[in-house]
Each structure stands twice: as structure tokens, then as C-alpha cells.
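To keep things clear, I will list the structure first and then write my remarks on it.
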Amino acid sequence: DGGITQSPKYLFRKEGQNVTLSCEQNLNHDAMYWYRQDPGQGLRLIYYSQIVNDFQKGDIAEGYSVSREKKESFPLTVTSAQKNPTAFYLCASRPGGSYNEQFFGPGTRLTVL
Amino acid sequence: KQEVTQIPAALSVPEGENLVLNCSFTDSAIYNLQWFRQDPGKGLTSLLLIQSSQREQTSGRLNASLDKSSGRSTLYIAASQPGDSATYLCAASLSGSARQLTFGSGTQLTVLP
């Protein structure tokens with residue numbers, strides 16, 4: 001059963017703590033993306049990666065970090081430097097090359113207590 | 001910088017009506033435009049993708065059009081059903097190889113039985 005999985009579904013964090021969100025895909029897609037969604041708003045791009053061991057900042061990368069050590073995995077770390085981390089986080093992937101459509105995971109809702 | 005706007009923010013219609021959702025973008029040099037559906041607390045489901053060279057795409061009761069010169073796209077839903085109730089998001093893709101998406105804030109559709 002191919003797809004994109006994100007874990008956990010809900011995550012609670014105390015202020016000052018780092019937390020890592022998982023994103024795994026078994027679609028053999030080259031490109032992966034992390035987005036943040038705030039209530040009543042569209043998605044904003046945090047980081048993206050087009051190939052293993054390479055990634056670029058999106059529009060709102062401050063306070064976040066990523067790694068891409070394996071093609072199927074693109075974890076996102078929300079650091080204590082992120083001032084307002086409470087949001088819904090969505091991971092997406094795309095086959096790469098000229099193929100344009102992005103496919104999304106189910107999301108992780110992060111709440112800072 | 002590309003900006004994407006969706007109007008109205010919310011729409012309520014009786015079952016069976018045909019309806020149009022609007023999406024506008026500021027930079028006509030897009031690579032493609034994608035329409036998504038999002039159910040509450042869920043990830044995004046891709047509905048239609050229109051390449052910049054295309055004028056429209058159809059899938060079942062859905063038809064999406066693209067007019068690059070005017071910076072507009074529309075999503076037409078025929079014979080609406082209560083199951084169509086969701087938030088609909090449009091996203092414009094930049095021309096770079098990363099195919100980054102810029103999202104609108106969405107239209108929340110409610111179809112009343």
C-alpha cells in the first residue's frame with residue numbers, strides 16, 4: 001500500500017523543547033516538501049528537498065531544520081527558536097523531473113503547551 | 001513574489017446546485033495550477049492539475065479552467081452533494097525545477113442537504 005505517512009498525528013511540546021516530526025514515503029518519489037498550515041490559512045513552505053543529502057529553505061524556514069539521509073524519509077525538527085510553532089504540519093512528495101503533481105500526507109498537529 | 005487569492009472564503013449552497021470557486025494569482029508565469037480538497041483535520045487530496053499550456057481539466061463532476069493572461073483559475077462543481085463539503089485550496093507552481101507551490105487560503109464549501 002503506497003503512500004505518505006506522518007507521525008505522530010498529534011504532538012504536544014513544552015516551550016523550549018525541540019521536537020521532530022516524521023515523514024516517510026514508499027512511492028519512490030525524488031522530491032519532498034514540508035508545509036505549515038495555520039487556522040483559516042493556506043499552506044506555507046518550510047523546506048524542500050529534490051534529492052538525497054540536499055535541501056533548500058522555503059519561505060518560513062527560521063526555527064526549523066531538516067535532513068534527507070534516505071530517499072524515503074524527510075524528518076522536520078521544530079526547534080526552540082521557532083517562536084510560534086503551534087500549527088498543522090503537512091509533508092508532501094513529488095516524483096521529480098517534469099512530473100508536477102504533489103501528493104500529501106495526513107499531517108501532524110503540533111501544540112505547544 | 002507570487003500571491004494567490006481565493007474568494008469567497010466561505011460558501012454555502014443547497015444540494016444539487018452547480019457552483020464555481022475562484023482563484024487568482026499575481027504572476028502569470030506559472031508552470032501549473034493545482035486544486036486540492038481538504039477535509040477537517042486531514043491532509044490534502046489532489047483534485048486536478050492544469051499545466052500552463054492547458055485551458056482546462058475535467059474529472060467527473062469537476063472542471064478546472066486556467067486563464068494565465070488574466071491570472072485566474074476556476075473550479076466548477078456540477079450537481080453539488082453534501083459529500084462535497086470541504087475546504088478547497090488552489091496552488092500555483094513556480095517555473096523552477098523544485099515546482100514550489102504557493103497556496104491560496106482556501107474556500108470552505110458547505111453543501112446543505
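Please read all numbers here as calculations on a predicted model, not as lab measurements. Chain letters run A, B, ... following the sequence lines, proteins first and then strands; every chain starts at 1.
With chain B as the partner, the residue from A:P106, A:G96, A:A92 showing the most heavy-atom pairs under 4.5 Å is A:P106.
A tilted orientation is assigned to the rings of A:F103 and A:H29, their planes being inclined by 30° to 60°.
A side chain to side chain donor-acceptor pair (under 3.5 Å) with A:D30 is found for exactly one of A:Q50, A:R94, A:K71, namely A:K71.
Under the side chain to side chain contact (heavy atoms under 4.5 Å, CB included) criterion, B:Q38 pairs with A:Q37, A:F88, A:L90, B:L44, B:L89, sequence neighbours left out.
With a 4.5 Å cut-off on non-hydrogen atoms, B:Q51 touches chain A through its side chain but not through its backbone. Proximity to chain B (any heavy atom under 4.5 Å) is restricted, for A:Q41, to the backbone atoms N, CA, C and O.
Taking the six-membered ring for Trp, A:F74 and A:F55 have ring centres at least 6.0 Å apart.
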